Amino acid sequence: MTDATCITLASRPHGAPMAENFKLETRSLPEPGEGEFLVRIIWLSLDPYMRGRMDDVKSYADPVAIGGIMEGGAVGEVMVSNNAKFGVGDIVTAQFGWTSHAISDGTNVRKIDPSVAPIATALGVLGMPGITAWVGLNEIAEAQGGETIVVSAATGAVGSMVGQLAKAKGMRVIGVAGGADKCAFATAELGYDHCLDHRAMDAKALSAEIKQAAPGGVDVYFENVGGKTLEAVMSCMNTGGRIAVCGAISWYSGKGIDTAQPLPAVWRNILTRRLRVQGFIIFDHFHLMGQFQREVGPLVGNGAIKVKESVAEGLENAPEAFMQLLQGGNFGKQLVRVGPDPT
Ligand SMILES: NC(=O)c1ccc[n+]([C@@H]2O[C@H](COP(=O)([O-])OP(=O)(O)OC[C@H]3O[C@@H](n4cnc5c(N)ncnc54)[C@H](OP(=O)(O)O)[C@@H]3O)[C@@H](O)[C@H]2O)c1
C-alpha cells in the first residue's frame, strides 16, 4: 500500500475559486495489479481549463465530482511496474491529477525522453500548451509570414509559444500582457515587436495602441482572454482576418459577464462548442503530437524556443498557485514541484 497525498474538490466555487473549495487529503493506494504500475508524481501542471472542471455544467469534458481528485496533467517516475511497456525508472506523463502518487494501466500514458529537454517541458512547451499554440497558429488561424498577429496572455504557457512561433514565421507580432515586467520580457526575450499592458489602459486606449503598433491592421488574433482585450482587437481586424479562439480566461469565473448582455456567453460558446470563428479544443488535435514534437522538440533542446516557468513548491501549495494563475499571478508556464526531479 502507498499513501498518496492529493487535493480534492471540496465544494464548487461561486466566482473565483477560494481555498475552501479545495481539500488536502491522504488516500491509500492498493498495490499495482496485473498490467498496472505505480507512478510517483514529480511535476503537476496548473492550467486555466481546470476552473471549468470545478463547475457542474455541461462542457466539452465532465466536471470533477465533489470529493474527486482535481484533474491535471503531470509528469512522474514509474516506481513499481507489472506492465511490460513501462519499466521502473521510466519518466511518464498523463492526466494523473493533483496527487503525489497514482496507479495506471498505461492508457493515455506517454513516455518522455529526458535527453530531449527538461522533463517539465512535457507539461509546457512540448506538451498540451505547446501543441495548442502550434495547432492554433498553423491549423486554425492558418497564419502566414508577412501577416500581423495579436496574441493575448502573451507571456503565458500558450501565448509565449504562439509569439515565438509567429516570429519564426516572419510575422509582425504584437502581444498583450498584464504588467510592465511581462511586456518587457515579451519584447526582450520572446521576440515580440510590441507588447501592450492591458492593465494600464481601457479597451479604447488599447485599441488605439494596437492600431499604432499595426498600421496595416491585424490579420490574425490568437484569442486567450476575452473581455477588454477582445473588444479592443475586434475593431483592428482586417477584412478576411482570422481569430483562433483558444480561451477566454477573463470570463472563466463569471466576472465581467453581464447576463443582460449575451455576448460573453456567445463568445465562450464559440470556444467550448467549437463554432466557426474558429474555436478549437486541443484534445481534437492530439494525433499531431508526434509531428509537433519532431518539429518543435529540437528548437526547445537547442534554446531557440525560450522557456519561462513559474514553480510552486509542494502539492499543498497547488490551490494557491491555481488561484493566482486565474488572476495573472503566474509568469510563464505554471508548474507545481510535487517531488524531487531525478533527471
Ligand atoms: N482551446 C484549448 O484547447 C486550450 C488549451 C490550452 C489553453 N487554452 C486557453 O489558453 C489560454 C491561456 O492558457 P495558458 O495555459 O497559456 O495560461 P497562462 O497564459 O499561462 O496563464 C493565464 C494568463 O491569463 C491572463 N489573464 C488572467 N486573467 C485575465 C484577465 N481578466 N484579462 C486578461 N488576461 C488575463 C494572465 O496573463 P496576463 O498577466 O498577461 O494578463 C495569466 O497569466 C486560457 O484561456 C486557456 O483556457 C485553451
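Counting convention: from 1, in listed order, for ligands and their atoms alike. Bear in mind that the values here come from a model prediction, so they are computed numbers and not experimental data. Excluded from the calculations below are hydrogen atoms, water molecules and symmetry mates; all remaining heavy atoms, backbone and side chain alike, are included.
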Considering G136, G328, G226, P48 one by one, which has a heavy atom nearer to atom 17 (O) of ligand 1 than any of the others? P48
From the options P129, S253, S250, select the one whose nearest heavy atom is closest to atom 31 (N) of ligand 1. S250
What part of M128, side chain from CB on, backbone N/CA/C/O, both or neither, has a heavy atom under 4.0 Å from ligand 1? side chain
Indicate yes or no: does K111 engage D90 in a salt bridge with an N to O separation below 4.0 Å. yes
For ligand 1, which atoms sit closer than 4.0 Å to a heavy atom of A248? 45 (O)
Return a yes/no value for K182: is any of its N or O atoms, backbone included, closer than 3.5 angstrom to an N or O of ligand 1? yes
Element-labelled atoms of ligand 1 that are located less than 4.0 Å from some non-hydrogen atom of I282: 2 (C), 3 (O)
Between F331 and F185, does the ring centre distance come in under 6.0 Å? yes
With a 4.0 Å cut-off on N to O distance, would you call R172 and D219 a salt bridge? no
Establish, from distance only, whether the side-chain atoms of S207 and S235 form a donor-acceptor pair under 3.5 Å. yes
Give the single entry among N224, L230, T229 that approaches atom 12 (C) of ligand 1 most closely by any heavy atom. N224
Determine whether more than 12 heavy atoms belonging to other residues, nucleotides or ligands lie under 6.0 Å from atom CG of D62. no
Check whether the side chains of S11 and N21 place a donor and an acceptor atom closer than 3.5 Å, and report yes or no. yes
Below a 4.0 angstrom heavy-atom separation, can you tell me which part of I249, side chain or backbone, both or neither, approaches ligand 1? both
Interfacing atoms of ligand 1 (cut-off 4.0 Å, heavy-atom, G247): 9 (C), 45 (O)
Please work out which of Y60, Y252, Y49 has its closest non-hydrogen atom nearest to atom 47 (O) of ligand 1. Y252
Salt-bridged, E309 to K333, with N to O below 4.0 Å? no
Is it true that T155 lies under 4.0 Å from ligand 1, counting heavy atoms only? no
If we ignore angles and hydrogens, is there a donor and acceptor under 3.5 Å between the side chains of E295 and Q291? no
Distance-only polar pair, side chains of S28 and D3, donor-acceptor under 3.5 Å: yes
Are R51 and D55 ion-paired here, with the side-chain N under 4.0 Å from a carboxylate O? yes
Distance under 4.0 Å to a non-hydrogen atom of H198: what atoms of ligand 1 satisfy this? 32 (N), 33 (C), 34 (N), 38 (P), 41 (O)
Out of all atoms in ligand 1, which are within 4.0 Å of some heavy atom of L326? Include the element for each. 27 (C), 28 (N)
Geometric N/O contact N330 with ligand 1, under 3.5 angstrom: yes
Numbered atoms and elements of ligand 1 in range of A153, under 4.0 angstrom, heavy atoms: 19 (O), 24 (O)
R27 and T5, any side-chain heavy atoms less than 4.5 Å apart: no
Which atoms of ligand 1 sit under 4.0 Å from any heavy atom of R199? 38 (P), 39 (O), 41 (O)
Just distances here: any N/O of A177 and N/O of ligand 1 closer than 3.5 Å? no
Have S81 and N83 got a donor and an acceptor in their side chains that come within less than 3.5 Å? no
Give the numbers and elements of all ligand 1 atoms closer than 4.0 Å to a heavy atom of V225. 33 (C), 34 (N)
Test of proximity, G178 against ligand 1: N or O pairs below 3.5 Å: yes
Out of G179, G156, C246, who gets a non-hydrogen atom closest to atom 9 (C) of ligand 1? C246
